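As the structure is a computational prediction, the values presented were derived from the model and not from experiment.
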Amino acid sequence: MGSTLNMDFQEDSGTLGSLPVTTSRNMSSSSSAFFSANQSPFFSPRSSTCQFSESTRSDAQCDSANLSADPPSSCSGIQGTECLGNARFDLPDMKLEPTACISSDFRKSDHVVSNGTLSSYGHVGDNGYYDLIAKHRKQMRSHDMSFSPVPISLSSNRNRSYDIYIGLHGRKPSLQRFANWLRAELELQGMSCFVSDRARFRSSRKLGLMEKAMDVSSFGVVILTRKSFKNPYTIEELRFFSSKKNLVPIYFDLSPGDCLVRDIVEKRGELWEKHGGELWFLYGGLEKEWKEAVNGLFRVDEWKLEAQDGSWRDCISRAVSLLAMRLGRRSVVEQMMRWREKVEKEEFPFPRNENFVGRKKELSELEFILFGDISGETERDYFELKARSKRKNLMIGWSKSSSVEERLGKRQWGSGSRKGKEPVIWKESEKEIEMQSTERQQNQRPKGGGWTSRRKKSAKIVYGKGIACVTGDSGIGKTELLLEFAYRYHQRYKMVLWIGGESRYIRQNYLNLRSLLEVDVRVENCIDKSKMKSFDEQEEAAISRIRKELMRNIPFLVVIDNLESEKDWWDQKLIMDLLPRFGGETHIVISTRLPRVMNLEPLKLSYLSAVEAMSLMQVSAKEYPIAEIDVLRTIEEKVGRLTLGLAIVGAILSELPINPSRLLDTINRIPLRDISLSGREAHSLRKNTFLLQLFEVCFSIFDHAVGPRSLATRMVLVSGWFAPAAIPVSLLALAARKIPEKHKRTCFWRKVLRSLTCGFSSSYSKRSETEASSMLLRFNIARSSTKEGYVHFNELIKVYARKRGVTGVAHAMVQAIVSRGSLSLHSEHIWAACFLLFGFGNDPIVVELRVSELLYLVKEVILPLAIRTFITFSRCRPALELLQLCTNALEVADQAFVTPVEKWFDKSLCWRPIKTNAQLNPCLWQDLALSRATVLETRAKLLLRGGQFDIGDDLIRKAIFIRTSICGEDHPDTVSARETLSKLTRLLANVQTHT
């Protein structure tokens with residue numbers, strides 16, 4: 001019996017290829033038995049002791065696997081990866097390592113890389129584009145046969161039924177990615193699935209089990225490709241489900257009009273010229289049955305699902321909705337409708353740039369880096385990847401436990417220096433990803449160069465692992481490239497998640513994904529009732545919830561735009577801790593000015609070609625003589641060939657009746673302002689003074705059109721103090737109007753006129769801010785947002801606005817935020833105002849408020865912001881630091897109140913005692929003291945949640961003293977504070993007892 005089963009296993013492995021025994025990186029959160037080309041055919045939901053990766057849902061549980069030859073079951077009890085730890089085989093001659101895991105993903109075989117594949121993953125030489133693609137595809141096809149097979153089948157429930165049977169045929173990576181996504185999305189909505197490519201199995205027993213699964217499925221989804229009609233199993237599935245009237249065909253890179261029997265048989269059209277003919281002869285079938293199966297597709301009128309290269313998301317969304325409707329699950333349909341509406345409004349931060357030019361090479365290379373393959377029109381775009389300098393060591397990721405020397409010593413891989421035929425494995429651990437030899441070798445110190453010379457060698461681009469980094473100077477077009485890539489390929493992802501990479505805001509931006517991903521990161525859900533968690537643990541728990549959502553088999557595109565640092569500004573933790581592991585379905589694209597991120601060799605963004613730059617400056621249909629074209633080339637060189645400067649020049653030439661030579665003369669005659677351009681952020685401006693003069697020309701145009709100090713100019717100046725996020729035009733205009741005038745004296749008649757027209761000021765103000773924002777957009781100083789009534793400013797323009805140093809601009813921004821800011825809509829800008837007010841870290845205090853303004857700020861802004869940051873987003877330490885700095889500011893104001901002050905009239909009355917501000921203004925002083933008590937009590941309550949009872953006890957006692965002194969013992973606020981003290985005292989006593 002054992003030998004018979006062994007023969008079955010060997011027979012299967014001949015078709016299936018070999019299965020790499022490796023841990024899956026990105027695992028599905030779904031629960032369905034999934035049959036793929038790269039792993040064992042059957043999974044059991046009744047297995048005993050199975051360990052899950054952190055990518056699975058926290059509530060998922062399964063038992064260990066009993067391996068036998070029973071039929072498959074649904075995956076409804078199993079998450080995407082079935083780990084076979086401590087697995088027990090019923091076959092005496094088969095063994096499996098206890099640490100082996102079987103992935104439910106089609107394409108997990110790429111975690112094991114043979115010696116021949118190494119150079120393609122890590123290093124690209126002088127080969128052309130087509131050679132590189134062909135080589136990479138050949139290696140991907142060879143993965144299945146490179147390793148010893150692990151044929152396994154798992155026991156299951158014979159009577160299990162399925163909602164959906166998914167049949168497919170082919171090993172194309174895009175097909176497997178699509179099938180993975182479809183399965184995961186269906187299971188996410190609670191529909192059990194059975195997925196199979198039956199052509200890869202030869203055992204009659206296993207094929208019989210799959211036929212049983214077909215029979216007990218409510219619907220049969222058949223993914224059709226141009227090769228499907230050569231496959232007898234696909235033809236059988238079409239006939240079977242068509243006869244049961246539950247066939248759901250999905251046309252993958254086909255259309256229903258392509259699937260005509262006559263066209264296929266007679267090889268009509270470019271599609272069937274190669275793949276058509278009398279296909280039933282290829283597998284020894286009957287012509288009648290084949291034609292019956294193909295003609296049956298046209299009887300399925302209600303299911304017209306096409307998965308073209310640019311419609312994957314729409315196809316899967318429609319398939320899920322239609323299947324849920326037919327299965328009677330209306331709640332799923334309503335949920336999908338709400339999700340589509342939300343994504344349509346919130347997915348992209350900017351509308352697509354209709355004037356985008358060039359960058360074909362960079363877009364194609366980005367696609368290749370992320371997917372490991374390219375398709376569609378991009379495949380015809382020829383590009384050559386530059387030769388990369390060789391490097392034997394590559395570590396993509398982070399490790400807190402080992403030094404640089406230890407990492408270099410432990411990780412060896414290379415393209416030219418590898419000896420023998422030892423396989424290279426993608427080593428995946430909790431903290432790092434690297435390509436590593438299976439036999440660790442001691443790294444010898446290089447002769448003559450030392451470690452320093454080795455560090456200077458460039459790393460190599462890793463293809464097909466879902467991570468890409470784009471670097472370049474400010475204003476060169478990194479954001480535009482990422483935006484175009486996201487719009488071009490967004491259908492390959494469930495959602496594009498755009499994150500601002502500024503170091504002070506990146507973690508908050510990351511946690512803001514909770515609304516799109518529908519993840520609850522509130523601190524209440526992160527507290528383990530049996531054990532008090534520290535603040536760091538609570539923050540990590542919130543972040544891990546987002547990470548887990550991104551680590552399913554559902555593809556997302558995470559775009560981190562303008563990454564300032566590899567470390568978070570608040571606690572110096574690595575930004576890598578936020579991201580899902582590489583190699584899964586979720587892809588990550590980073591734009592940065594840093595020379596390197598995570599030891600990845602970035603895609604260096606170069607300047608546009610001369611033709612592309614010229615087209616960017618000649619937006620209008622104006623035709624210039626040769627002399628003017630030469631002037632445009634001069635402007636291109638002077639502006640540093642930055643796309644930002646080129647776009648502004650093109651806007652000026654199209655909006656104004658001016659030729660290039662006159663524009664160049666105007667820019668040269670504009671004097672440079674005497675401003676300080678020190679600091680790292682102003683480095684790009686120091687190199688390009690011509691760009692600063694171009695900015696000043698734009699300001700002069702705005703002032704000439706409207707009048708001195710036009711609203712548009714002031715909006716630009718005040719924008720520099722807002723957060724790096726979309727700014728509401730109304731808030732921007734309000735701040736601009738609060739900038740103090742240079743000349744304080746105002747004509748008497750102007751005051752009278754203003755008082756008479758106050759009733760019309762609202763409509764005029766609205767019209768003027770609309771005109772000002774429109775002017776900024778037309779001249780490319782600002783860019784529009786997908787949020788209605790919001791605009792964005794380039795970081796170079798914001799830096800120049802801050803350095804220009806107009807008095808009172810920062811104060812105007814803070815006043816506008818305090819008076820009009822909304823916590824739910826403008827939280828980033830409220831944080832920006834707090835940075836100016838309290839001086840976080842080593843920052844100076846830029847804006848100082850009067851006591852009355854400070855009290856209003858604390859009550860209406862600071863306390864709600866801190867509580868929301870702590871409770872809603874679990875960002876404990878930033879919230880507590882904000883409250884501590886607020887306490888310090890209130891104490892400074894209180895100290896000023898109790899300091900004696902001298903009035904001019906007191907000097908003549910020497911016998912009168914010198915009073916304090918507290919005595920002169922007792923009500924304001926009491927409000928100040930009570931406000932400080934409220935902040936102290938809030939801090940104590942928040943510290944209680946993190947187990948810092950001793951500090952909280954000290955703070956609440958101070959609050960009680962203040963309230964008792966002013967309000968009395970029996971005041972409700974005093975009583976509430978005493979209750980908090982009692983709770984802290986009890987918890988502190990418990991801790992001291994246990995320790």
Side-chain angles (χ1 to χ4, degrees), residues 504-505 709-744 746 751 754 758 761-762 764-766 768-770 772-773 776 782 789-791 793 798 801-840 843-866 868 882-883 885-886 888-890 892-893 896 921 924 927-928 931 935:
R504 297 192 184 205
Y505 301 91
R709 293 179 59 79
S710 68
L711 181 62
T713 302
R714 285 180 288 164
M715 286 168 70
V716 177
L717 295 178
V718 80
S719 70
W721 300 100
F722 279 87
I727 309 173
V729 173
S730 58
L731 199 61
L732 188 65
L734 177 64
R737 292 192 182 94
K738 290 182 177 292
I739 298 177
E741 298 287 343
K742 287 184 178 179
H743 304 287
K744 298 284 185 180
T746 306
K751 291 182 179 179
R754 190 175 298 169
C758 63
S761 60
S762 177
Y764 173 77
S765 171
K766 188 70 175 177
S768 62
E769 69 186 39
T770 302
S773 63
L776 295 175
Y790 285 70
V791 292
F793 289 88
K798 297 183 73 170
R802 289 197 298 271
K803 297 294 182 180
R804 207 165 179 255
V806 176
T807 306
V809 176
H811 195 278
M813 176 267 184
V814 172
Q815 284 183 320
I817 289 293
V818 172
S819 61
R820 194 78 62 84
S822 168
L823 189 59
S824 59
L825 299 176
H826 315 134
S827 60
E828 302 96 337
H829 304 302
I830 295 176
W831 272 108
C834 292
F835 291 137
L836 298 176
L837 286 166
F838 299 121
F840 285 74
D843 295 347
I845 295 177
V846 179
V847 177
E848 295 184 1
L849 299 178
R850 297 192 299 270
V851 174
S852 57
E853 295 174 331
L854 180 62
L855 292 177
Y856 180 83
L857 176 77
V858 171
K859 180 181 178 181
E860 300 295 333
V861 178
I862 302 300
L863 286 173
L865 176 64
R868 181 174 186 264
L882 173 63
L883 291 177
L885 293 174
C886 179
N888 297 342
L890 291 172
V892 170
N921 207 336
L924 188 60
D927 290 342
L928 179 63
S931 179
V935 174

Engineer: Grab the two heavy atoms, one from S827 and one from R868, that are nearest each other, plus how far apart they are.
Structural biologist: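 So the two residues come closest at CB-NH1, 3.9 Å.
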Engineer: Rounded at 0.5 Å granularity, tell me how far CG in L890 sits from CG in L885.
Structural biologist: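 Interatomic distance, L890 CG to L885 CG, rounded to 0.5 Å: 11.0 Å.
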Engineer: Nearest 0.5 Å, please: how far is CZ in R802 from CG in L717?
Structural biologist: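 L717 atom CG to R802 atom CZ measures 12.5 Å (nearest 0.5 Å).
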Engineer: Which pair of heavy atoms, one from V718 and one from M813, lies closest together, and at what distance?
Structural biologist: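 Result for this residue pair: CG2-CB, 4.0 Å.
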Engineer: Considering non-hydrogen atoms only, spot the tightest contact between I830 and L823 and give its length.
Structural biologist: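 Closest pair (atom of I830, atom of L823, distance): CD1-CA, 3.9 Å.
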Engineer: Main chain of G808, side chain of K738: is a donor-acceptor contact present, judged purely on distance under 3.5 Å?
Structural biologist: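 Such a contact is absent between K738 side chain and G808 backbone.
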Engineer: Hey, does the side chain of H826 reach the backbone of P728 with a donor-acceptor pair shorter than 3.5 angstrom?
Structural biologist: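 Side chain of H826 to backbone of P728: no pair is present.
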Engineer: Mind jotting down which residue pairs meet the side chain to side chain donor-acceptor pair (under 3.5 Å) criterion with at least one end in residues 853-862? Sequence neighbours excluded, please.
Structural biologist: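 Sorted pair list: R850-E853.
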Engineer: Apply side chain to side chain contact (heavy atoms under 4.5 Å, CB included) to A782 and list each qualifying residue two or more places apart in sequence or on a separate chain.
Structural biologist: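 By the side chain to side chain contact (heavy atoms under 4.5 Å, CB included) rule, A782 matches L776, L777, V791, F793.
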Engineer: Return the SG to CG distance between C886 and L857, rounded to the nearest 0.5 Å.
Structural biologist: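 Between C886 SG and L857 CG, I get 7.0 Å after rounding to 0.5 Å.
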Engineer: Going from CZ on R737 to OG on S768, what distance comes out if it is rounded to the nearest 0.5 angstrom?
Structural biologist: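 Output value for this atom pair is 4.0 Å.
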Engineer: Hey, mind stepping through F838 and V847 against side-chain contact (heavy atoms from CB on, under 4.5 Å) and telling me if it holds?
Structural biologist: CA-CA 8 Å; F838 299 121; V847 177; over 6 Å; no
Engineer: So which atom in L849 and which in L854 form the shortest heavy-atom distance, rounded to 0.1 Å?
Structural biologist: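 L849 and L854 have their closest heavy atoms at CB-N, 4.2 Å.
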Engineer: Of all residues at least two apart in sequence or in a different chain, which pass the side chain to side chain donor-acceptor pair (under 3.5 Å) check with S822?
Structural biologist: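 If we apply the side chain to side chain donor-acceptor pair (under 3.5 Å) test to S822, skipping adjacent residues, the hits are S824.
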Engineer: Show the nearest heavy-atom pair for residues S730 and E769, with the distance to one decimal.
Structural biologist: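 Smallest interatomic distance, heavy atoms only, reads CA-OE2, 3.7 Å.
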Engineer: Could you go through F722 and L731, starting from their C-alpha distance and side-chain angles, then the distance that decides it, and tell me whether this counts as side-chain contact (heavy atoms from CB on, under 4.5 Å)?
Structural biologist: CA-CA 10 Å; F722 279 87; L731 199 61; 4.0 Å; yes
Engineer: Which residue pairs pass the side chain to side chain donor-acceptor pair (under 3.5 Å) test when at least one of the two sits in residues 713-727, sequence neighbours left out?
Structural biologist: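 Output for this query lists D703-T713, S710-T713.
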Engineer: Can you tell me how far apart CG (L863) and CG (L883) are? Round to the nearest 0.5 Å.
Structural biologist: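 Spacing of CG (L863) from CG (L883) equals 6.5 Å.
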Engineer: Only pairs at least two apart or in different chains count here, so list each salt bridge (charged side-chain N to carboxylate O under 4.0 Å, His left out) that has a residue in residues 804-822.
Structural biologist: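 Listed once each, the pairs are E696-R804.
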Engineer: How are the rings of F835 and W831 set relative to one another: parallel (under 30°), tilted (30 to 60°) or perpendicular (over 60°)?
Structural biologist: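 Correct class here is tilted.
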Engineer: For I862 and L882, run side-chain contact (heavy atoms from CB on, under 4.5 Å): C-alpha distance rounded to whole Å, both residues' side-chain angles, the deciding distance at 0.1 Å, then the answer.
Structural biologist: CA-CA 8 Å; I862 302 300; L882 173 63; 4.0 Å; yes
Engineer: Apply side chain to side chain contact (heavy atoms under 4.5 Å, CB included) to D927 and list each qualifying residue two or more places apart in sequence or on a separate chain.
Structural biologist: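 Side chain to side chain contact (heavy atoms under 4.5 Å, CB included) list for D927, sorted by chain: L855.
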Engineer: Decide yes or no for T770 and V729: does some side-chain heavy atom of the first lie under 4.5 Å from some side-chain heavy atom of the second?
Structural biologist: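 They are not in contact (no side-chain heavy atoms under 4.5 Å apart), so the answer is no.
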Engineer: Which heavy-atom pair separates A735 from A812 by the least distance, and what is that distance?
Structural biologist: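 Shortest heavy-atom separation between A735 and A812 comes out as O-CB, 3.3 Å.
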